[in-house]
Visitor: 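I'd like to ask some things about the structure below.
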Amino acid sequence: MDVRTLFPRGDRPVRVGRTPPGVGGDTVEACARCHAEIASEWRASQHSTSWTDDVFQAAYGIEPMQFCRNCHAPRTRVGRVPDHLAQAEGVSCAVCHVRDGHVLGPGRARAPTPGAHASLALVRMRASAFCEGCHQFNFPGDSGPAGEVYATDEPMQDTHAEWAMSSHAAQGTHCQDCHMPWITAPDGRRHRSHRFPGGNDHALLESAVRVEGDARVEANATVVRVRVLPGNI
């Protein structure tokens, strides 16, 4: 499965498709019945507030475009205001893990067993390319309320391209290594965190940059110099 087809970069909503056999629904609450800890982590993430976030809502109030709805409430319908569930769940479990009757996972494929659904292996879920479909896109152009949205050639979010030019890419460090770190659950099993620490995580920001400064008196003024340098994440 080509990850480029999973996330249409705001061109249209995400189509999850039918619910996989053995899964009692494709809502977060349905997933939480078996994956309670991961669901709890997700609820503390910015994926869960992608639609309700105050900063996004302020921007959306100025430009209420379908393009915005497609990414921030990706399970909305074309031409519609997102319903309550699409608004409340934002970028939910199903948006990343469910497509056309399959549960996608980064590990080995699994056959269904009593009480557990099957999974389809998608190794590229471990790589930055999986994140690109939502975090690399150009400014949209909009010909009006009834017009089509088209892509310009100016990056609006250049995250993947910036990563590709970084030392992290050269060293084989992917988005998931920082934004989905490995953690150990109370039962001893390890999984990647679904809290997705980012710009709202002070500890991650502190590790991302190093600030150096000095001050000295010159003539009748105090001159302060500050340098912001890459950190060691």
Side-chain angles (χ1 to χ4, degrees), residues 1-9 13-48 50 71 74-75 89-137 157 159-164 166 168-198 201 204 233:
M1 184 177 293
D2 188 344
V3 297
R4 291 174 295 182
T5 67
L6 301 180
F7 307 104
R9 298 193 182 205
V14 169
R15 293 301 177 214
V16 168
R18 67 187 185 280
T19 303
V23 177
D26 58 13
T27 65
V28 173
E29 290 304 319
C31 299
R33 293 169 195 155
C34 295
H35 304 284
E37 183 168 355
I38 290 177
S40 178
E41 294 163 4
W42 171 86
R43 290 188 182 99
S45 76
Q46 287 187 296
H47 275 180
S48 73
S50 61
C71 285
R75 299 195 65 184
E89 292 202 341
V91 180
S92 64
C93 314
V95 168
C96 291
H97 288 282
V98 177
R99 288 296 184 280
D100 298 323
H102 297 286
V103 174
L104 310 179
R108 292 178 297 177
R110 295 185 308 179
T113 58
H117 59 72
S119 64
L120 184 67
L122 187 61
V123 176
R124 294 196 74 185
M125 289 186 82
R126 306 174 188 173
S128 295
F130 188 77
C131 309
E132 179 185 5
C134 288
H135 295 280
Q136 178 73 41
F137 53 88
Q157 191 166 121
T159 309
H160 186 268
E162 292 170 353
W163 166 83
S166 73
H168 291 304
Q171 296 164 2
T173 301
H174 290 269
C175 305
Q176 293 87 336
D177 294 317
C178 293
H179 297 283
M180 296 186 72
W182 285 100
I183 58 175
T184 302
D187 62 5
R189 291 187 295 179
R190 296 178 73 239
H191 67 270
R192 284 198 179 272
S193 171
H194 283 63
R195 193 172 63 85
F196 302 104
D201 187 282
L204 186 65
I233 61 171

Visitor: Report yes if the side chains of Arg75 and Asp26 come closer than 4.5 Å at any heavy-atom pair, otherwise no.
Guide: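 Result yes, sub-4.5 Å side-chain heavy-atom pair found.
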
Visitor: Between NE2 of His97 and CD1 of Ile38, what distance do you get to the nearest 0.5 Å?
Guide: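 The NE2 atom of His97 sits 7.5 Å away from the CD1 atom of Ile38.
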
Visitor: Quick one: does Asp100's side chain get under 4.5 Å of Arg18's, heavy atoms only?
Guide: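 They are in contact (side-chain heavy atoms under 4.5 Å apart), so the answer is yes.
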
Visitor: Show your working on side-chain contact (heavy atoms from CB on, under 4.5 Å) between Leu104 and Leu6 and close with a plain yes or no.
Guide: CA-CA 11 Å; Leu104 310 179; Leu6 301 180; 4.1 Å; yes

Visitor: Roughly how far, to the nearest 0.5 Å, is CG of Leu122 from NE2 of His102?
Guide: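 Separation between the atoms: 11.5 Å.
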
Visitor: Search all heavy atoms of Pro197 against all heavy atoms of Cys178 and return the closest pair with its distance.
Guide: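 Looking at all heavy atoms of both residues, the closest pair is CG-O, 4.0 Å.
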
Visitor: Any idea which heavy atoms bring Ala94 and Val16 closest together, and the distance?
Guide: O-CG2, 3.8 Å

Visitor: Just verifying a value: how many Å separate Glu41 CD and Ser48 OG, rounded to the nearest 0.5 Å?
Guide: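 If I round to the nearest 0.5 Å, the distance is 12.0 Å.
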
Visitor: Between SG of Cys93 and NE2 of His35, what distance do you get to the nearest 0.5 Å?
Guide: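 These two atoms lie 8.5 Å from each other.
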
Visitor: Quick one, His174 and Cys131 - any side-chain contact, counting heavy atoms below 4.5 Å?
Guide: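 Side-chain contact under 4.5 Å: no.
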
Visitor: Going from NE2 on His117 to SG on Cys34, what distance comes out if it is rounded to the nearest 0.5 angstrom?
Guide: 7.0 Å

Visitor: Side chain of His194, backbone of Arg192: donor and acceptor closer than 3.5 Å?
Guide: yes

Visitor: So with a 6.0 Å cut-off around CZ of Arg190, is the heavy-atom count from everything else above 12?
Guide: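 It does: Arg190 CZ has more than 12 such atoms within range.
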
Visitor: Answer yes or no: is there a side-chain heavy-atom contact under 4.5 Å between Arg110 and Val103?
Guide: no

Visitor: Let's go through Ile183 and His191 carefully: what are the C-alpha distance in whole Å and the side-chain angles of both, what is the deciding distance for side-chain contact (heavy atoms from CB on, under 4.5 Å) to 0.1 Å, and is it a yes or a no?
Guide: CA-CA 6 Å; Ile183 58 175; His191 67 270; 3.5 Å; yes

Visitor: Any non-hydrogen side-chain atom of Arg195 less than 4.5 Å from a side-chain atom of Asp201?
Guide: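 Yes, at least one pair of side-chain atoms sits under 4.5 Å.
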
Visitor: For residues Val28 and Arg43, determine if any side-chain heavy atom of one lies less than 4.5 Å from a side-chain heavy atom of the other.
Guide: yes

Visitor: Where the side chain of Gln136 meets the backbone of Glu162, is there a donor-acceptor pair that is under 3.5 Å apart?
Guide: no

Visitor: Between atom SG of Cys175 and atom NE2 of His160, what is the distance when rounded to the nearest 0.5 Å?
Guide: 6.5 Å

Visitor: For the residue pair Phe7 and Phe130, does the interplanar ring angle fall in the parallel (under 30°), tilted (30 to 60°) or perpendicular (over 60°) class?
Guide: perpendicular

Visitor: Quick check: closest heavy atoms across Pro8 and Val14, and the distance to 0.1 Å?
Guide: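 Taking every non-hydrogen atom into account, CD-CG2, 4.1 Å.
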
Visitor: Mind checking whether Gln46 and Phe196 have side chains closer than 4.5 Å, heavy atoms only?
Guide: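 Side-chain contact under 4.5 Å: no.
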
